Structures are given as C-alpha cells and as structure tokens.
Amino acid sequence: MSLFIGSKSASSRQGSHIYRDKHPSFSHGSRNKYRGRDPKVSGATLVENEAGDRPLTGTSFLFVVNELNNNYEAQTHGSEPLRDQWLNFMPPERAEEYLDEWPGMVFRYLQEPQGGVITPADEYRWYRPGRGHEGHIVRVDTAGNITGHPIICRQATIFSCSNHLPVIVGPGDASLGNSRVVRHVLDSDNMFYWSLLHISRWDDGSNISYVNSEGRGVPSVVGRNPSWIPSLVPQVYSNPNANLVSGGLSGDLSVLIGLMAFHSRVGRASDVFISQKWHHNRWIGSQHAPTHVPRTQEENPRGFFVQVCLDNLVRGLEDSGENNIRAEDCLQHVLALEWHSVLVREN
C-alpha cells in the first residue's frame with residue numbers, strides 16, 4: 001500500500017492528510033500483510049485470532065461528527081433544490097447552500113481487550129475558519145489556543161434523503177461545494193461525488209460486511225439477518241437469499257460512525273457517543289431504524305460530515321515530527337481496525 005504523508009512543518013500542518021490509493025484489495029490471504037510488524041512504536045499490540053490479525057490494546061483514533069444545516073429553499077436565479085431523476089431531494093451542490101453546521105464534540109476511540117471504548121477527547125476541538133473552508137480537528141491548550149493538528153486519515157459526508165434513498169455517501173466534505181450526482185465513480189475527477197452506500201467483503205469466510213464511501217462492492221450485506229439491520233444499515237440492504245451467517249459490520253470508520261449518528265436528535269449528533277451506544281464493538285442503541293430521518297420525498301435530507309484523525313500527537317509535547325508518534329504506524333493500526341476486525345459485532 002502506497003502512502004503519501006503531508007510533509008508540511010508543524011506550524012503549517014493544518015489540514016495534513018494521509019492519502020492512500022485504495023483500501024486493501026479484497027483477495028483471500030491478503031490479511032498476512034499485517035503480520036510481523038513491530039507495533040510498539042504506537043503503543044498498540046496485535047494478536048492473531050481465527051479471523052486474522054486483530055488490533056487490541058492501544059489502537060486509537062480521534063473523530064468528530066458535524067451535522068450539516070442546509071438551505072433547501074428555492075435557490076438563486078429561480079432554480080429549484082437539486083433532485084435526482086427519481087425526484088428525491090439531494091444535498092446541495094454549492095457551498096453557499098450549506099448554512100452553519102452543528103459541530104460535534106471530538107471523541108477518542110481506544111481499543112481495549114474487550115473492544116473499543118469511546119470517551120470525549122477534551123484536549124481537542126473542531127475548528128473551521130468559515131463557511132466554505134476546510135475544517136479540522138485541532139488540539140488546544142487550556143486557554144483555547146491551537147497547539148497541534150492531528151493528521152486526517154478519513155473523512156466522508158453521509159446523507160439520508162428519503163425512504164427511497166435512505167443513505168448516500170461521498171468521500172470528503174460536501175459542504176465545500178462542487179458536489180454533483182454521478183452515475184459512475186470514474187466520472188468523479190476532481191469533484192465530490194455521491195454514491196449509494198456500498199458494501200464489500202473479504203473472500204475468506206469471515207462474512208463481515210465492510211462499508212465504504214467509494215462505491216465499491218454491492219448495495220447489500222454479506223450474511224443473513226444481521227443484528228444491525230435496520231438500526232445501522234437500512235432494511236433494503238438485507239440479503240434474504242444469503243446462506244451465510246453474518247460475521248459483523250466494519251469498514252470505513254467515517255461512514256460507519258456517520259450511520260450511527262442518524263440515531264441522534266437534530267443538532268445533537270454527539271449524544272450517540274456520549275451515551276455509549278457503540279461500546280466494546282457492539283451497537284447497544286436502538287435496534288429499530290432511526291426515527292430522525294426523512295420518510296418521504298418531500299422532507300428535507302439530513303446529513304453529517306465525519307472526520308477521523310490519527311491519534312498521533314503526544315500529550316504535553318509540541319506537535320513536531322520528532323515528538324509525534326510515527327504516522328505510518330498509527331495508520332497501519334487504524335487500517336487493521338477497519339479492514340481486519342469487526343467494529344460492530346453481532347448481538
């Protein structure tokens with residue numbers, strides 16, 4: 001897997017990303033790529049189990065969920081709000097149609113032996129300098145001054161548009177504008193694009209459904225009767241013909257976290273995580289479909305922007321290449337968490 005790590009200095013690291021060409025190819029046996037590495041640099045421990053490498057104690061990341069407040073009234077020059085060819089309301093294309101967001105708290109996910117535990121990351125805040133500008137999770141001191149910029153490793157926008165279009169996703173921040181509806185992922189050069197929620201799988205018998213924001217895979221889950229349908233994944237994604245027992249839900253963290261956020265009241269996405277509805281890699285919130293989503297084609301879509309960052313800054317030390325935990329090691333552990341473990345186990 002090729003990595004590009006932003007080489008900006010600490011003083012200009014705002015917005016640094018780790019880009020990867022694609023998620024690991026879904027071929028049998030490719031889990032072996034995580035074996036044999038020294039995990040001590042980032043304080044995490046990997047152990048082998050029947051499903052392949054699984055990150056345990058020490059793997060962590062930061063995340064924030066911001067609800068997007070959109071203007072769905074008639075737009076300038078007499079145009080109407082954007083609809084798809086089936087007349088579902090779609091998220092706006094232009095940045096000026098995204099009003100003030102409801103920023104969430106920043107949380108830390110820490111993998112413990114029993115599973116993941118989520119706690120508020122009090123030393124971090126969400127910062128966006130203005131509407132239409134990129135936003136970032138930042139570290140702050142007690143006076144509120146920015147003291148560090150953790151590296152962004154995932155971000156996605158996720159919307160529920162209607163009962164006929166329950167989930168669409170895009171790999172980035174739609175509130176920056178320049179979004180559009182495309183029929184093919186390949187038609188997305190330098191543009192934000194929307195796709196249906198898609199699910200991939202490893203060909204290894206684990207029967208885990210992996211969500212992604214890139215239109216890879218199919219719009220249906222792997223196994224039959226998973227416990228997280230319809231609570232996290234809409235009922236339309238069920239696979240009644242499957243002869244396999246579902247092995248759980250995992251994949252792109254920004255998409256998975258966004259699916260959980262639909263169980264919050266409007267403007268209160270953080271409540272889902274404050275109340276520990278996702279705990280020890282189990283969904284213990286409502287087992288029913290979210291109620292705070294549009295039910296008809298005439299209701300306004302509801303959407304979130306989710307950013308996930310590496311937990312690579314060391315508390316009490318300056319944000320610098322010499323002090324920070326090596327980004328490559330943090331990223332490999334997060335990738336192992338996404339693509340080689342079960343983030344939502346079956347109940």
Side-chain angles (χ1 to χ4, degrees), residues 55-69 100-127 135 137 139-140 150 154-160 166-167 169 197 209 211 226-235 246 248-295 301-309 311 334 337-338 341-347:
L56 287 181
T57 305
T59 302
S60 63
F61 60 85
L62 306 168
F63 71 90
V64 66
V65 183
N66 300 328
E67 182 158 2
L68 300 176
N69 181 16
D100 294 337
E101 63 191 346
W102 288 293
M105 296 175 60
V106 178
F107 293 93
R108 174 179 284 107
Y109 173 105
L110 175 63
Q111 186 79 2
E112 295 187 349
Q114 299 84 4
V117 174
I118 295 169
T119 55
D122 295 330
E123 69 275 29
Y124 290 90
R125 297 286 186 275
W126 172 251
Y127 172 72
I137 292 174
R139 188 177 66 182
V140 296
R154 288 284 193 190
Q155 47 188 8
T157 307
I158 182 167
F159 266 85
S160 178
V167 181
V169 294
L197 175 68
S209 298
V211 297
S227 61
W228 31 268
I229 283 183
S231 55
L232 299 181
V233 176
Q235 186 70 46
S246 173
L249 185 65
S250 203
D252 185 323
L253 283 163
S254 57
V255 176
L256 187 63
I257 291 168
L259 290 169
M260 297 175 182
F262 285 115
H263 283 274
S264 65
R265 292 175 293 161
V266 173
R268 301 188 63 87
S270 296
D271 288 356
V272 170
F273 307 100
I274 292 173
S275 58
Q276 300 282 304
K277 294 185 185 299
W278 181 32
H279 186 66
H280 285 169
N281 294 23
R282 294 189 186 277
W283 175 252
I284 56 178
S286 171
Q287 298 303 302
H288 302 288
T291 57
H292 305 288
V293 294
R295 296 298 184 187
R302 185 187 187 198
F304 304 95
F305 170 63
V306 183
Q307 186 175 97
V308 179
C309 289
D311 195 8
V334 171
L337 194 68
E338 289 183 315
S341 73
V342 183
L343 288 168
V344 180
R345 300 169 183 163
E346 296 295 337
N347 291 327

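One is the number of the first residue; the rest follow in order along the sequence. These values consider heavy atoms only, across backbone and side chains, with no hydrogens, waters or symmetry-generated copies. Just so it is clear, the model here is predicted, and its values are computed rather than measured.
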Do Ser227 and Trp283 have side-chain heavy atoms sitting under 4.5 Å apart? no

Arg125 side chain to Ile137 backbone, donor-acceptor under 3.5 Å: no

Here the pair of heavy atoms bringing Pro230 nearest to Gln287 is CD-O, 3.7 Å

Suppose the criterion is salt bridge (charged side-chain N to carboxylate O under 4.0 Å, His left out): which pairs have a residue in residues 269-281, not counting sequence neighbours? Arg265-Asp271, Arg268-Asp271

Could you tell me whether the side chain of Ile274 reaches within less than 4.5 Å of the side chain of Phe107, counting heavy atoms only? yes

When you measure from the side chain of Trp278 to the backbone N and O of Ile257, does any donor-acceptor pair fall under 3.5 Å? no

For a quick test of reading the model, state the closest non-hydrogen atom pair linking Pro301 to Pro294 and the distance between them. CA-CG, 4.1 Å

Using side-chain heavy atoms (C-beta onward) and a distance below 4.5 Å, is Tyr124 in contact with Cys309? no

Under 3.5 Å: donor-acceptor pair, side chain of Ser250, backbone of Ser341: yes

Indicate yes or no for a side-chain donor-acceptor contact from Asn281 to the backbone of Gly116 under 3.5 Å, with no hydrogens or angles considered. yes

What's the separation between atom CD1 in Ile284 and atom OG in Ser231, rounded to the nearest 0.5 Å? 12.0 Å

Which heavy-atom pair separates Trp126 from Pro103 by the least distance, and what is that distance? CD1-CB, 3.7 Å

Quick one, Trp102 with Ser264, criterion side-chain contact (heavy atoms from CB on, under 4.5 Å). Give me CA distance, side-chain angles, the key distance, then yes/no. CA-CA 12 Å; Trp102 288 293; Ser264 65; over 6 Å; no

Judged by atom type as modelled, is there a donor-acceptor pair below 3.5 Å linking the side chain of Gln276 to the main-chain atoms of Ile118? yes

Sequence neighbours excluded and cut-off under 3.5 Å, please list the side-chain donor-acceptor pairs for residues 61-68, or say none.
{"unit_1": "Asn66", "atom_1": "OD1", "unit_2": "Gly104", "atom_2": "N", "d": "2.8"}
{"unit_1": "Glu67", "atom_1": "OE1", "unit_2": "Gly267", "atom_2": "N", "d": "2.7"}
{"unit_1": "Glu67", "atom_1": "OE1", "unit_2": "Arg302", "atom_2": "NH2", "d": "3.1"}
{"unit_1": "Glu67", "atom_1": "OE2", "unit_2": "Arg302", "atom_2": "NE", "d": "2.7"}

Kindly say whether Met105 contributes a backbone atom to a donor-acceptor pair with the side chain of Ser270 at under 3.5 angstrom? yes

Please report the shortest heavy-atom distance between Phe304 and Gly258, naming the atom on each side. CD1-O, 4.2 Å

Residues at least two apart in sequence or cross-chain that pass side chain to side chain contact (heavy atoms under 4.5 Å, CB included) with Pro234, listed by chain then number, are Pro166, Val167, Val236, Tyr237

Are Tyr109 and Leu253 close enough that some pair of their side-chain heavy atoms sits under 4.5 Å apart? no

Measuring from Ser60:OG to Arg108:CZ, what's the distance to the nearest 0.5 Å? 6.0 Å

State the CZ-NE2 distance between Phe273 and His263, to the nearest 0.5 angstrom. 10.0 Å

To the nearest 0.5 Å, what is the distance between CD1 (Ile229) and OG (Ser209)? 7.5 Å

Quick check for you: to the nearest 0.5 Å, what is the distance between Leu249 atom CG and Arg345 atom CZ? 13.0 Å

Say you draw a straight line from OG of Ser160 to CG of Leu259; how long is it, rounded to the nearest 0.5 Å? 10.0 Å

Check whether any side-chain N or O of Gln307 sits under 3.5 Å from a backbone N or O of Gly135 as a donor-acceptor pair, and report yes or no. yes

Indicate yes or no: at least one non-hydrogen side-chain atom of His279 is less than 4.5 angstrom from one of Val117. yes

Between Leu110 and Thr119, is a side-chain contact (heavy atoms from CB on, under 4.5 Å) present by the stated rule, with each step listed? CA-CA 8 Å; Leu110 175 63; Thr119 55; over 6 Å; no

